[in-house]
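Worth knowing before you read on, the calculation uses all heavy atoms, side chains too, and leaves out hydrogens, waters and symmetry mates.
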Number of protein chains: 2
Amino acid sequence: MPPHQLGRPTLASIAAAAGVSLPTVSKVVNGKADVAPTTRAHVQQLLDQHNYVPVTRRPAEDLLVDVVFTALDSPWAVEILRGVTESGLEVVVSSQSRTSDVDWVQALVAGGRRGALVVTSRLTAADQRRLGRSRLPVVVIDPVDMPGQDVPSVGATNWAGGLAATEHLVELGHRRIAVVGGPQAYLCSRARIDGYRAALERAGIAVDPALVVHGTFRHQGGYDQAQSLLALPDPPTAIFAGSDEQAFGVMEAARQAGLSVPDDLSVVGFDDLPMARWSSPPLTTVCQPLADMGRMAGRMLHDLIDGRVLGSQRMELATHLVTRASTAPPRR
Amino acid sequence: MPPHQLGRPTLASIAAAAGVSLPTVSKVVNGKADVAPTTRAHVQQLLDQHNYVPVTRRPAEDLLVDVVFTALDSPWAVEILRGVTESGLEVVVSSQSRTSDVDWVQALVAGGRRGALVVTSRLTAADQRRLGRSRLPVVVIDPVDMPGQDVPSVGATNWAGGLAATEHLVELGHRRIAVVGGPQAYLCSRARIDGYRAALERAGIAVDPALVVHGTFRHQGGYDQAQSLLALPDPPTAIFAGSDEQAFGVMEAARQAGLSVPDDLSVVGFDDLPMARWSSPPLTTVCQPLADMGRMAGRMLHDLIDGRVLGSQRMELATHLVTRASTAPPRR
DNA sequence: CTGAAAGCGCTTACAG
DNA sequence: CTGAAAGCGCTTACAG
């Protein structure tokens with residue numbers, strides 16, 4: 001047990017306990033060379049015993065930044081994280097619960113954070129006010145709804161992605177094409193569905209409202225909605241699934257219905273997560289450059305931290321279709 | 001452009017520029033109440049302009065810790081991260097390249113880190129020496145090779161998992177059971193294969209060396225090795241794939257060979273990543289409690305930071321078989 | 001190798 | 001609201 005000691009230990013108190021001068025303790029703490037081995041060992045022991053932590057630190061040369069996820073439960077998250085860490089920022093992983101904290105912003109400042117990256121999440125007006133006051137820059141990745149004009153954000157070209165996915169199916173000869181969107185409130189989901197509509201209209205195919213349904217972006221949502229769609233009197237021959245995870249749910253529903261992908265049903269995802277390559281058959285999907293989006297958001301945040309002005313408050317990175325084996329012309 | 005200024009700004013230099021006293025600037029920086037709004041605004045503007053960052057910070061009340069991944073490229077990583085963040089530590093994501101830095105340990109200390117978590121990676125003897133000198137505690141998760149006696153680590157019961165996977169296949173009636181391990185050097189892979197052997201021996205089945213092969217734990221490895229195995233004169237009726245990702249590779253090789261899973265070939269994975277539920281058919285696999293491992297490692301690190309003694313230097317968390325739809329009795 | 005002394009950046013009563 | 005003054009925790013030449 002450490003000897004009785006009021007308050008946290010200081011260099012002075014350790015020096016007194018060790019019977020050496022304060023500068024000597026400072027040298028041990030900082031790993032300077034000019035200390036006798038025995039002295040160093042003795043002082044170090046006292047430091048450990050008292051659990052010494054310096055009360056002042058050198059200013060962080062590294063740019064410590066929080067990245068806030070709604071939940072750390074999707075393979076999504078790693079992709080974005082990877083991008084962010086490649087932008088030269090030091091990234092602290094944080095989850096939603098933290099922002100709901102009354103003094104989230106104050107906690108950021110106290111923790112030495114230089115900014116924050118918020119992923120697929122809403123910033124309340126209160127958050128924005130506090131952030132403004134603290135001068136902490138924030139960038140939002142893939143915002144759920146349209147962020148205020150003055151909140152910098154990074155997204156993907158969702159509309160173009162929905163268009164490309166659907167045109168691919170049209171070109172293969174499909175006419176009965178369904179779409180399973182994400183939650184209706186999500187901006188990105190709406191853009192993808194609008195892209196789907198645009199492709200059908202361009203091809204002169206009427207949009208059948210029965211073939212436009214909403215899931216959750218998760219596996220179960222795709223599974224449930226595909227079951228309903230496949231039970232229709234005139235079922236679709238192709239489904240644009242809105243997300244990769246949802247596409248896997250659609251494929252499972254097809255398998256259970258005794259349908260083969262892509263012979264009986266074509267499936268297109270959205271995201272191009274690493275595992276899109278790993279399904280059987282490998283998934284045709286719209287590549288959303290998640291790592292690049294993370295990197296871009298990191299770079300924007302970095303600029304803001306350094307006091308540079310952003311070229312644009314809103315950046316949308318290009319999506320593109322990756323054709324694999326889950327799509328084929330319809331039977332007959 | 002900020003006026004010419006040598007060195008980083010200090011409270012004093014800002015005070016001079018703003019024409020107020022140093023204490024007033026201090027109050028603005030710390031958000032104290034007793035400053036006139038106009039004064040505050042004026043000072044704040046100067047602080048922004050000069051990009052002021054305090055040179056001393058309050059000691060972090062939060063326990064900032066680095067978690068080091070070999071590469072942030074596997075769905076694995078999120079699971080572990082999730083566990084760690086739930087252990088009450090503030091987690092900075094870092095990747096291997098950082099540890100190879102000559103003064104990695106010094107960078108940790110300078111960055112205010114209180115410890116580190118190293119995932120599936122080796123600590124060199126030099127690292128260990130430096131860590132020891134700096135008194136920075138480290139915990140290793142799923143070490144590649146046996147860590148030194150004095151390096152705390154967390155793993156899973158890999159041998160028991162290999163045993164359970166193989167016994168499941170034996171019970172279904174399989175006799176020709178192959179295993180695709182990970183890289184030979186990996187401790188966890190060797191334990192899983194030894195569990196496989198033990199199960200066969202218990203069932204009185206001779207181990208056929210042709211059915212024991214090594215992959216990479218990645219998709220391609222499973223695919224390649226399964227192709228070779230299925231081309232054997234007397235091919236296996238079941239494959240224990242060593243990892244989930246590898247299992248997906250095996251399933252794809254089966255599909256391309258015109259084999260149906262599980263009717264023609266049973267496949268068992270290892271990990272139980274979220275996506276094991278999403279394959280078609282859903283994957284039977286050995287659940288490795290990655291999030292729990294992360295949480296446990298975080299807790300151990302927390303104990304070490306607080307100067308508590310660990311109950312045990314090595315913790316192995318239980319694995320268990322999750323039976324889904326990729327396994328069935330062999331044909332005939 | 002050690003430590004007295006000067007000094008740095010900041011905070012905190014407290015007098016006005 | 002403002003700031004002179006005291007003080008805190010630490011670092012850094014530098015003399016011995």
Asks: Identify which nucleotide among D:dT11, C:dG9, C:dT2 has an atom closest to any side-chain atom of A:Leu11, counting heavy atoms from C-beta outward.
Replies: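 Closest of the options to the side chain of A:Leu11: D:dT11.
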Asks: May I ask you to test the A:Glu79-A:Pro274 pair for a side-chain heavy-atom distance under 4.5 Å?
Replies: yes
Asks: Can you name the atoms? Protein N/O to nucleotides 14-16 of chain C N/O, anything below 3.5 Å, with the distance.
Replies:
none

Asks: If I take atom NZ in residue B:Lys32 and atom P in nucleotide D:dG3, what distance separates them, rounded to the nearest angstrom?
Replies: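 One finds 18 Å between P of D:dG3 and NZ of B:Lys32, rounded.
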Asks: Counting only heavy atoms and a strict 4.0 angstrom limit, can you tell me which residues of residues 15-22 of chain B come near DNA chain C?
Replies: B:Leu22
Asks: In Å, rounded to the nearest 0.5 Å, how long is the span from CG of B:Leu290 to CG of B:Asp271?
Replies: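 The CG atom of B:Asp271 is 6.0 Å from CG of B:Leu290, to the nearest 0.5 Å.
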Asks: Side chains of A:Ser153 and A:Arg314 only: does a donor on one sit below 3.5 Å from an acceptor on the other?
Replies: yes
Asks: My understanding is that only one of B:Val84, B:Leu117, B:Leu63, B:Leu64 makes a side-chain contact (heavy atoms from CB on, under 4.5 Å) with B:Val91; could you say which?
Replies: B:Val84
Asks: Less than 4.0 angstrom between a side-chain N/O of A:Thr24 and OP1 or OP2 of C:dG3, yes or no?
Replies: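 The answer is yes; a side-chain N or O of A:Thr24 sits under 4.0 Å from OP1 or OP2.
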Asks: When you measure from the side chain of A:Pro37, which nucleotide among D:dT12, C:dC1, C:dG9 comes out closest?
Replies: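 So the nucleotide nearest the side chain must be C:dC1.
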Asks: Side chain of A:Ala36, heavy atoms from C-beta onward: which of C:dC1, C:dT12, C:dC10 has the nearest atom to it?
Replies: C:dC1
Asks: Do the side chains of B:Arg299 and B:Met315 get nearer than 4.5 Å, heavy atoms only?
Replies: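 Result no, sub-4.5 Å side-chain heavy-atom pair not found.
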Asks: Hey, are the side chains of B:Trp76 and B:Asp142 touching, using non-hydrogen atoms and a 4.5 Å cut-off?
Replies: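 Yes, their side chains come closer than 4.5 Å.
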Asks: Between CZ of A:Arg308 and CE of A:Met300, what distance do you get to the nearest 0.5 Å?
Replies: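 So the gap between those two atoms works out to 12.5 Å.
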Asks: Just how far is it from atom CZ of A:Arg40 to atom CD of A:Gln45, taken to the nearest 0.5 Å?
Replies: 15.0 Å
Asks: In whole angstrom, what separates A:His42's NE2 from C:dC1's P?
Replies: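 Atom NE2 in A:His42 sits about 18 Å away from atom P in C:dC1.
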Asks: Do A:Ile14 and A:Val29 have side chains that approach each other closer than 4.5 Å (heavy atoms only, starting at C-beta)?
Replies: no
Asks: DNA chain D in dot-bracket, Watson-Crick or G-U pairs under 3.5 Å, [ ] crossing, | other strand?
Replies: |||.||||||||.|||
Asks: May I ask you to test the A:Val25-A:Leu47 pair for a side-chain heavy-atom distance under 4.5 Å?
Replies: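 Sidechains of A:Leu47 and A:Val25: in contact.
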Asks: Could you report the tightest heavy-atom contact between A:Arg114 and A:Val65, atom names first, then the distance?
Replies: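 Shortest heavy-atom contact: C-CG2, 4.5 Å.
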Asks: Heavy atoms from C-beta onward define the side chain here; which of C:dG9, C:dG3, D:dA4 lies closest to that of B:Pro23?
Replies: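 Shortest atom-to-atom distance from the side chain points to D:dA4.
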Asks: Which nucleotide in the set D:dT12, C:dC10, D:dT2 lies at the smallest distance from any side-chain heavy atom of B:Thr39?
Replies: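 It is D:dT2.
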